[in-house]
Amino acid sequence: MDKLQFARESILHRIECGEFPAEAKLPAAAKHCETIGVSFVVVQLAYNSLIRDGILYSIPRQGTFVRKDWRSRILPGSIQTYRSVWLELLKPLKAETPELFLSNSFCEGAFEIRFSNDTQLHASEYLDLTEFFEAEFPDKSDFFQEKIEQFRSRHGKLFGIPLIFSPWVICYHPDLIAEAGAPEPHSGWSWEEFLNLIRLLRRNLPPSRAFRLVPSSSIWMNFFLRAGGEIMGSREEGYPILLDGAASVDALYRLRELRDAIGEVEESPFNYREAFLKKETAMIVGTRQDAAFHNPHPWRCVPLPRIPGGRECMRIGGDLFCVRRIVNDFHLVRKLIGYLFSPQLQDRLGALGYGIPIRRSSAIRSFNEHDPRDMVFLSEMAKIHPLNHFAWPELQVLINHALPRTWLLQESPETMTGELAAVLRAIIRYEHNPFYHQKENSHDRNF
């Protein structure tokens, strides 16, 4: 790492840890250079470069300050991730690629590792990674290719590549369930058994500790699908809208039953994963990457409950690698893809038990046949259901905002699905107008 990069990162790390909070005045360059052991000129260059990047600002004769909105900036070479495991896994690459900046403090990065639903909602902001992935891995026989294909837009753009994926299961703390005087969940349990367990937990626990159903999260989609609900058909069928069908309306009534069993829905800042791992929540819907197999609080898991008239399926849960469209260092894009999807790193993910690696060889070695929890995740893998509306990010935004209103605000499922289905059909009709639409991002050229 050269001295300028070192000076930049030392300032950024002090901002991230709160030593230099928003609107704080930084030490004069002449003083700061003594602190970090580089020259005055280098520190001044670092200040100037961070001013250009929108992290700092300068007022003549007053000094240099941290911008209030520094977290919303996108730094060149920055990798933003929402879980610390990725920062650790990327450290060896960082050591040989000093232009990379690892962070989980910024809202966005030039490169990102994001959750699957979040990635899909912002698909238009990312590069098409098809050619990069093809160049690095022309032989894809070791990849779960069908899982990767779930993250293509309707025009073929691969807006994110899953590094890991997982089915969703019910994770629970058996002693908290015993304290509620309730029977433990079991494989093949029914919807009514699930609702009765929540009702028993709610006698002694608030909603956030019994079971969470958060409207802003896409977890509810698992129950919608499980109950037989469907948003739209496949590309081959012409993306027919199925939302206003009887099965989808009935599925929304099932979600209302779940909401009524919980009693109320809390929409507040709350990390349900951390709460579960600390044994602050009795039961969650979680993925393999949500779980911590070495947690001191023993937990168990079972498949999602079976719902009358429904089917055994769920949406995919994963961490995806994405690249912002502003990035033009395509050599670095290929280097990151080559590293993150290499057998070596995928094997490390498997050894950690963090999600299911996207490489088949790494995935099969990652499961512990002596751990019943792992066997649940293994058995549920085949039940991941591709969501056709993932190909339409603009539709997903409407769906995420509208459908939770049927149980959050008790709006009529029949009215809501009828209105929303008409809007979705109109969008698809005009989006397919050949005189209007060109292939998405046709102006982008990867190489």
Side-chain angles (χ1 to χ4, degrees), residues 1 77-104 109-116 119 129 132-133 135-148 151 158 160-167 169 171 273-274 277 286-296 299 301 316-323 332-371 373-378 380-381 384:
M1 183 185 299
S78 61
I79 302 180
Q80 169 63 24
T81 175
Y82 298 98
R83 286 191 175 158
S84 58
V85 63
W86 293 111
L87 298 180
E88 290 299 316
L89 290 169
L90 284 161
K91 280 183 178 179
L93 183 64
K94 164 65 176 175
E96 63 181 54
T97 315
E99 64 267 31
L100 290 177
F101 177 67
L102 308 183
S103 172
N104 58 4
F111 307 95
E112 297 181 349
I113 298 177
R114 304 186 72 155
F115 305 141
S116 51
T119 303
L129 298 179
F132 299 108
F133 195 58
E136 289 299 306
F137 303 106
D139 179 5
K140 299 180 184 60
S141 58
D142 193 35
F143 291 93
F144 288 100
Q145 190 63 24
E146 72 281 5
K147 302 297 187 292
I148 295 174
F151 296 95
L158 185 62
I161 310 175
L163 291 152
I164 52 94
F165 69 97
S166 176
V169 302
C171 303
R273 176 180 181 269
E274 293 300 322
L277 297 180
T287 61
R288 195 169 186 246
Q289 54 268 29
D290 292 320
F293 289 95
H294 304 293
N295 190 299
W299 56 273
C301 63
I316 192 171
D319 289 3
L320 277 74
F321 175 68
C322 317
V323 179
L332 188 53
V333 175
R334 285 191 58 174
K335 189 172 185 178
L336 277 162
I337 287 177
Y339 177 81
L340 289 168
F341 295 93
S342 67
Q344 294 78 15
L345 187 125
Q346 289 283 304
D347 283 348
R348 288 187 65 192
L349 286 168
L352 291 172
Y354 181 78
I356 301 171
I358 197 64
R359 279 188 173 270
R360 295 177 183 273
S361 57
S362 302
I364 198 64
R365 291 194 295 268
S366 75
F367 288 104
N368 179 359
E369 61 181 310
H370 302 295
D371 190 330
R373 301 171 299 183
D374 241 355
M375 293 301 97
V376 173
F377 285 108
L378 180 61
E380 295 300 292
M381 274 177 58
I384 294 174

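Two rings, from Phe143 and Phe133, have their centers less than 6.0 Å apart. Aromatic rings from Phe367 and Phe377 are positioned such that their centres are separated by 6.0 Å or more.
For the pair Ile148 and Ile358, the minimum side-chain heavy-atom distance is below 4.5 Å. The closest side-chain heavy-atom distance from Val333 to Phe111 is below 4.5 Å. Contact of the Leu90 side chain with the Thr81 side chain is not registered, since no non-hydrogen atoms from C-beta on lie closer than 4.5 Å. With a 4.5 Å cut-off on side-chain heavy atoms, Ile79 and Leu336 count as touching. The side-chain heavy atoms of Leu129 and Phe321, taken from C-beta on, include a pair separated by under 4.5 Å. Between Phe165 and Met381, the closest side-chain pair of non-hydrogen atoms falls below 4.5 Å. In this structure the side chain of Phe144 reaches within 4.5 angstrom of the side chain of Arg360, judged on heavy atoms.
We find that Glu146 and Lys140 are not joined by a salt bridge, their nearest charged nitrogen and carboxylate oxygen being 4.0 Å or further apart. In summary, Arg114 and Asp319 do not engage in a salt bridge, as defined by a charged side-chain N under 4.0 Å from a carboxylate O.
Heavy-atom minimum distance, Gly338 versus Ser342: O-CB, 3.2 Å. A pairwise comparison of heavy atoms in Phe341 and Pro162 identifies CE2-O, 3.4 Å as the closest pair. Across all their heavy atoms, Pro167 and Ile356 have their closest contact at CD-CD1, 3.8 Å. For Val169 against Cys301, the heavy-atom pair with the smallest separation is CG2-CB, 3.9 Å. For Gly317 against Ser116, the heavy-atom pair with the smallest separation is CA-OG, 3.9 Å. In terms of heavy-atom proximity, Gln346 sits nearest to Pro357 at OE1-CB, 3.2 Å.
Every salt bridge (charged side-chain N to carboxylate O under 4.0 Å, His left out) that Glu88 has, sequence neighbours left out, goes to Lys91.
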>> Is there a side-chain contact (heavy atoms from CB on, under 4.5 Å) between Val323 and Phe132? Walk through the geometry before answering.
In response: CA-CA 11 Å; Val323 179; Phe132 299 108; over 6 Å; no
>> side-chain contact (heavy atoms from CB on, under 4.5 Å), that's the test. Do Lys335 and Leu93 meet it? Break it down for me.
In response: CA-CA 9 Å; Lys335 189 172 185 178; Leu93 183 64; 4.0 Å; yes
> Arg359 and Asp142: salt bridge (charged side-chain N to carboxylate O under 4.0 Å, His left out), yes or no, with the steps?
Replying inline: CA-CA 5 Å; Arg359 279 188 173 270; Asp142 193 35; 2.9 Å; yes
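Note that OH of Tyr82 is 5.5 Å distant from CD of Gln80, once rounded to the nearest 0.5 Å. The structure places OG of Ser166 at 11.0 Å from NZ of Lys147, a figure rounded to the nearest 0.5 Å. Atom CG of Leu349 is separated from atom OG of Ser362 by 8.0 Å, given to the nearest 0.5 angstrom. Distance check, rounded to the nearest 0.5 Å: SG of Cys322 to CD1 of Ile161 gives 9.0 Å. Distance CG/Leu320 to CD/Glu112: 11.5 Å, rounded to 0.5 Å. The CD1 atom of Ile337 sits 9.5 Å away from atom CG of Leu163, with the distance rounded to the nearest 0.5 Å.
Distance alone, capped at 3.5 Å, is enough to place a donor-acceptor pair between the Lys94 side chain and the Leu100 backbone. Distance alone, capped at 3.5 Å, is enough to place a donor-acceptor pair between the Ser78 side chain and the Ala110 backbone.
Tested against Tyr354 for a side chain to side chain donor-acceptor pair (under 3.5 Å), the candidates Gln289, Arg83, Arg288 yield a single pass: Arg83.
Remark: Glu369 CD is loosely packed, at most 12 non-hydrogen atoms of other residues, nucleotides or ligands lying under 6.0 Å away.
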